Amino acid sequence: MTQAIRIAAIALATAGTGAATMSVMNEDIPDLKVPEGAWVSSGALDGRSFEIYGTDVDSGAVLEDEIVFRDGTFQSVDCQNYCDFGWSDYKTKEIDGVIHFTATTLCPDAPHTVVFYGQVEGDTVTVNGTWTTRRWYWTNQIVMEASGTATDINVVDAASS
């Protein structure tokens, strides 16, 4: 029997026994679903920054970060330090005096997507988010919840450009 015929016979036998049902692709995990609404790029939070403390919902790991708003853009200092995410556009909407915001940040060098959704009321902020890493062989997601207060730092120096 030639080599090609042997390979074909093995492939047919394997497929026939169901042993070839393994998939090399995994199921995707969707990013945080942000509520729909009249989102606008208003810069309503420009010049503000917040120290936030929270947890990884699944593991309970403590998360500390600073989020910064400037010139219609958003930055998580922790994300910037981890993967040079840079500045991302953010959108807002106001409901009953509370500013809701959302931002989606992408790592330029790795398959990380972080989606933030938060509410700012006065000097306090609450944030929900997902950090999703997608690779062809697996997807991992960290679901986070955090809250914090405004800081008095110079926003331009808060995170490197």
Side-chain angles (χ1 to χ4, degrees), residues 22-161:
M22 183 181 90
S23 173
V24 295
M25 297 297 290
N26 66 316
E27 289 190 35
D28 190 30
I29 301 171
D31 294 319
L32 177 72
K33 182 162 176 49
V34 174
E36 294 185 21
W39 294 102
V40 294
S41 299
S42 68
L45 295 171
D46 285 359
R48 311 267 334 248
S49 63
F50 300 86
E51 289 285 336
I52 60 172
Y53 301 91
T55 58
D56 171 333
V57 172
D58 294 329
S59 74
V62 175
L63 306 172
E64 296 180 35
D65 196 3
E66 180 175 12
I67 55 174
V68 182
F69 300 87
R70 99 173 170 200
D71 300 328
T73 61
F74 166 92
Q75 186 175 87
S76 155
V77 173
D78 194 40
C79 290
Q80 178 63 18
N81 291 337
Y82 183 81
C83 192
D84 195 21
F85 278 73
W87 293 91
S88 302
D89 293 338
Y90 75 93
K91 294 183 178 180
T92 60
K93 64 181 178 180
E94 188 172 331
I95 302 172
D96 298 327
V98 176
I99 299 173
H100 296 249
F101 72 90
T102 185
T104 299
T105 63
L106 303 171
C107 174
D109 300 323
H112 307 300
T113 302
V114 184
V115 176
F116 294 88
Y117 170 65
Q119 301 85 36
V120 174
E121 186 169 8
D123 284 343
T124 62
V125 64
T126 57
V127 181
N128 294 84
T130 55
W131 177 305
T132 309
T133 302
R134 291 179 174 88
R135 301 196 187 274
W136 67 269
Y137 49 91
W138 60 259
T139 298
N140 183 55
Q141 186 173 79
I142 297 169
V143 177
M144 59 190 154
E145 295 177 344
S147 61
T149 55
T151 61
D152 292 331
I153 62 164
N154 182 339
V155 204
V156 175
D157 296 332
S160 58
S161 298

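Since we're looking at a predicted model, the values are computed, not measured. FYI, side chains are in, hydrogens and waters are out, and symmetry mates aren't considered; it's all heavy atoms of this structure.
Residues D89 and A103 approach most closely at O-CB, 3.8 Å, considering heavy atoms. The two residues T73 and W87 come nearest to each other via the heavy atoms OG1-CE3, 3.3 Å. Contact record, P108 with C83: CD-O, 3.6 Å, taken as the closest heavy-atom pair. Across every non-hydrogen atom of R48 and G122, the tightest pair is NH2-O, 2.9 Å.
Residues V98 and E94 form no side-chain contact, since every pair of their non-hydrogen atoms from C-beta on lies 4.5 Å or further apart. Side chains of V120 and F50 form a contact here, defined as non-hydrogen atoms less than 4.5 Å apart. In this structure, the side chains of Y53 and V62 stay at 4.5 Å or more apart for every pair of heavy atoms. The shortest side-chain heavy-atom distance between E145 and N128 falls under the 4.5 Å cut-off. Proximity of S88 to F116: side-chain heavy atoms (C-beta onward) are nowhere separated by under 4.5 Å. D31 places none of its side-chain heavy atoms less than 4.5 Å from the side chain of T104. Counting heavy atoms from C-beta on, the side chains of S76 and F85 never come closer than 4.5 Å.
When atom types are taken as modelled, the side chain of Q141 and the backbone of T132 share no donor-acceptor pair closer than 3.5 angstrom. Side-chain N or O atoms of Q80 include one that pairs as donor or acceptor with a backbone N or O of G86 at under 3.5 Å. Remark: the backbone N or O of D65 is not paired with any side-chain donor or acceptor of D78 at under 3.5 angstrom.
Note that CG of D46 and CG of D71 are 6.0 Å apart. Values are rounded to the nearest 0.5 Å. Between F74 atom CZ and T102 atom OG1 the span is 9.0 Å, to the nearest 0.5 Å. Rounded to the nearest 0.5 Å, atoms NE2 (H100) and OG1 (T92) are 10.5 Å apart. Between the CZ atom in R134 and the CG atom in D28 there is a gap of 4.0 Å [rounded to 0.5 Å]. To the nearest 0.5 Å, the span separating CD on Q75 from OG1 on T105 amounts to 9.5 Å. Atoms OG1 and CD1, from T124 and I52 in turn, are 12.5 Å apart once rounded to the nearest 0.5 Å.
Just one residue in the list L32, T130, I29 forms a side chain to side chain contact (heavy atoms under 4.5 Å, CB included) with V143, and that residue is T130. Here the rule is ring pair (Phe, Tyr, Trp, His ring centres under 6.0 Å) with Y90, and of F69, F101, W39 only F69 fits it.
A tilted orientation is assigned to the rings of H112 and W131, their planes being inclined by 30° to 60°.
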